[in-house]
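Quick note: residue numbers are just sequence positions, from 1.
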Amino acid sequence: MTPAISVKGLTKTYDSGFQALKGVDLEIQRGEIFALLGPNGAGKTTLISILCGIVRPGEGTVTIEGCDVVRDYRAARSQVGLVPQELATEAFETVWAAVRFSRGLFGKPADPALLERVLRDLSLWDKRDSKIMALSGGMKRRVLIAKALAHEPKVLFLDEPTAGVDVELRHDMWNLVRALRDRGTTVVLTTHYIEEAEEMADRIGVITGGKLVLVEDKTTLMTKLGKKQLALTLQQPLQAIPAELSDLSLELQAGGTQLVYTFDVQAEETGIAALLKRLGELGIDFKDLHSSQSSLEDIFVNLVREARA
Ligand SMILES: Nc1ncnc2c1ncn2[C@@H]1O[C@H](COP(=O)(O)OP(=O)(O)OP(=O)(O)O)[C@@H](O)[C@H]1O
Ligand SMILES: [Mg+2]
């Protein structure tokens with residue numbers, strides 16, 4: 001099956017001489033929700049802009065639904081909807097005129113019923129006759145999404161869709177994205193909110209310094225790179241970790257009242273049983289224990305730090 005998106009050996013050097021992408025390879029399947037994570041300036045918007053045909057690629061090939069973004073520009077462009085990072089809307093237009101115009105741009109026949117559904121999904125139906133300049137920032141963002149969906153794109157790009165929006169809109173957006181995916185739309189989103197990627201994405205790509213340093217199934221990523229910790233609340237605080245336990249990955253926290261043991265999720269033996277036995281032998285009693293797993297955020301911060309080193 002043709003992937004929704006195929007990127008091979010993609011580079012991009014801006015006219016300033018700055019190399020924003022350094023050989024990116026990526027395939028995204030139809031119906032996937034793919035999240036692109038990366039620090040400021042990593043190249044996320046550059047990559048998305050090339051995929052949408054707004055920025056010229058350097059070397060390499062990029063196809064959307066099998067259409068080359070340079071050779072078959074129009075065909076490729078008609079497959080995609082883009083919600084850009086920067087808010088730019090036609091201030092004097094009404095919401096209705098703006099979405100109708102967006103659909104027309106792609107040569108699609110008028111379909112008021114479809115546009116009504118899009119506006120209703122985004123809680124914009126009541127605002128259809130309002131001028132865009134009279135809407136709040138969050139509403140303007142909804143209009144951008146409505147415009148991006150007006151021509152029924154097969155692939156939707158959301159460049160930081162929830163930057164600066166309230167919790168309600170964020171949840172609406174997530175629900176909308178899931179509904180689109182269920183109807184077969186492929187969704188690529190960039191975000192700085194790791195919990196957003198954790199919540200939404202099937203797969204996650206981490207980009208930094210123009211390189212895609214990792215692409216992984218979200219659940220695999222979290223088990224593979226995640227570390228688990230076991231925290232023991234001690235009966236008596238310790239001054240230091242006893243020498244007898246120095247071979248273990250232990251840390252004292254909370255003024256010596258908490259002993260934290262870090263272990264590898266993938267390891268065959270967690271070592272917890274052995275740890276508890278040795279604590280017993282040393283007469284170190286604890287009154288409580290709980291385990292936690294590192295979040296996607298910990299994993300992400302570590303990856304970016306490693307890539308920079
Ligand atoms: N038109 C341009 N001309 C020159 N350099 C550019 C241009 N657009 C982007 N860049 C540079 O390319 C790099 C990547 O920018 P890009 O906008 O793709 O990053 P990003 O990952 O989207 O960052 P952010 O999280 O801040 O949105 C940055 O160093 C940026 O300054
Ligand atoms: Mg960006």
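- Summarising the local packing, NZ of K108 is surrounded by more than 12 heavy atoms from other residues, nucleotides or ligands at distances under 6.0 Å.
- Annotation: R56, atom CZ; neighbour count of heavy atoms from other residues, nucleotides and ligands within 6.0 Å does not exceed 12.
- Taking 4.5 Å as the limit, some side-chain heavy atom of Y261 sits within range of a side-chain heavy atom of L250.
- At a threshold of 4.0 Å, the pair E93-K147 does not count as salt-bridged, since none of the basic side-chain nitrogens sits closer than that to a carboxylate oxygen.
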N/O donor to acceptor pairs below 3.5 angstrom from side-chain atoms of residues 37-55, sequence neighbours left out:
unit_1, atom_1, unit_2, atom_2, d
K44, NZ, G38, O, 2.9
K44, NZ, P39, O, 3.0
T45, OG1, Q85, OE1, 2.7
T45, OG1, D159, OD2, 2.7
T46, OG1, Y14, OH, 2.9
S49, OG, T45, O, 2.6

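- Every residue was checked against the salt bridge (charged side-chain N to carboxylate O under 4.0 Å, His left out) condition with D111, not counting sequence neighbours, and none meets it.
- Residues passing the side-chain hydrogen bond (donor to acceptor under 3.5 Å, both in side chains) test with R170: none are found, sequence neighbours excluded.
- Under the 4.5 Å side-chain criterion, counting only non-hydrogen atoms from C-beta, V83 is not in contact with F157.
- In the hydrophobic clustering of this structure, W96 groups with M139; members are Ile, Leu, Val, Met, Phe, Trp, Tyr whose side-chain heavy atoms approach within less than 4.5 Å, directly or through other members.
- Listed by first and then second residue, the salt bridge (charged side-chain N to carboxylate O under 4.0 Å, His left out) pairs that reach into residues 184-194 come to none, sequence neighbours excluded.
- In Q239, the CD atom is not crowded: 12 or fewer heavy atoms of neighbouring residues, nucleotides or ligands sit closer than 6.0 Å.
- Listed by first and then second residue, the side-chain hydrogen bond (donor to acceptor under 3.5 Å, both in side chains) pairs involving residues 24-39 are R30-E65, E32-R203 (not counting sequence neighbours).
- With T185 contributing its side chain and L180 its backbone, the two residues share a donor-acceptor pair below 3.5 Å.
- In this structure, L149 is a member of the same hydrophobic cluster as M200, with clusters built from ILVMFWY side-chain heavy atoms closer than 4.5 Å.
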Practice item. Begin with the C-alpha distance, continue with both residues' side-chain angles, and end with the deciding distance and a verdict on salt bridge (Lys or Arg N to Asp or Glu O under 4.0 Å) for E160 and R141. Key: CA-CA 11 Å; E160 298 192 29; R141 200 169 280 276; over 6 Å; no

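- The stretch residues 278-290 participates, sequence neighbours left out, in these side-chain hydrogen bond (donor to acceptor under 3.5 Å, both in side chains) pairs: D247-R278, K277-E281.
- Other members of the cluster containing F106 are F101, L105, with ILVMFWY side chains joined at under 4.5 Å, either directly or via other members.
- The pair D202-R181 meets the salt-bridge criterion, with a side-chain N (NZ, NE, NH1 or NH2) lying under 4.0 Å from an Asp/Glu carboxylate O.
- The salt bridge (charged side-chain N to carboxylate O under 4.0 Å, His left out) check on R183 picks up D121, with sequence neighbours excluded.
- Residues satisfying the salt bridge (charged side-chain N to carboxylate O under 4.0 Å, His left out) criterion with E152, sequence neighbours excluded, are R103.
- Side-chain contact between L124 and V143 is present, with at least one heavy-atom pair separated by less than 4.5 Å.
- With a 6.0 Å radius and a threshold of 12 heavy atoms from other residues, nucleotides or ligands, K127 has its NZ atom at or below the threshold.
- Looking only at side-chain heavy atoms (C-beta outward), I28 and P3 stay at 4.5 Å or farther from each other.
- Between L245 and L279, some side-chain heavy-atom pair lies under the 4.5 Å cut-off.
- You'll find the side chain of L10 stays beyond 4.5 Å of the side chain of E59, heavy atoms only.
- Using a 4.5 Å cut-off on side-chain heavy atoms (C-beta onward), V7 and L212 make no contact.
- Judged by distance alone, with hydrogens and angles left aside, the side-chain atoms of R128 form a donor-acceptor pair with the main-chain N or O of W125 at under 3.5 Å.
- The hydrophobic cluster of V260 has no other members, since no ILVMFWY side-chain heavy atom comes under 4.5 Å of it.
- Scanning for side-chain hydrogen bond (donor to acceptor under 3.5 Å, both in side chains) contacts around S123 gives an empty result, with sequence neighbours left out.
- Members clustered with V167: none, using a 4.5 Å side-chain heavy-atom cutoff among hydrophobic residues.
- Annotation: the span from L252 atom CG to L234 atom CG amounts to 7.0 Å, rounded to 0.5 Å.
- Between I132 and A98 the shortest heavy-atom distance is CD1-CB, 3.7 Å.
- S130 and L135 get closest at one heavy-atom pair: CB-CD2, 4.0 Å.
- With a 4.5 Å cut-off on side-chain heavy atoms, V188 and I5 count as touching.
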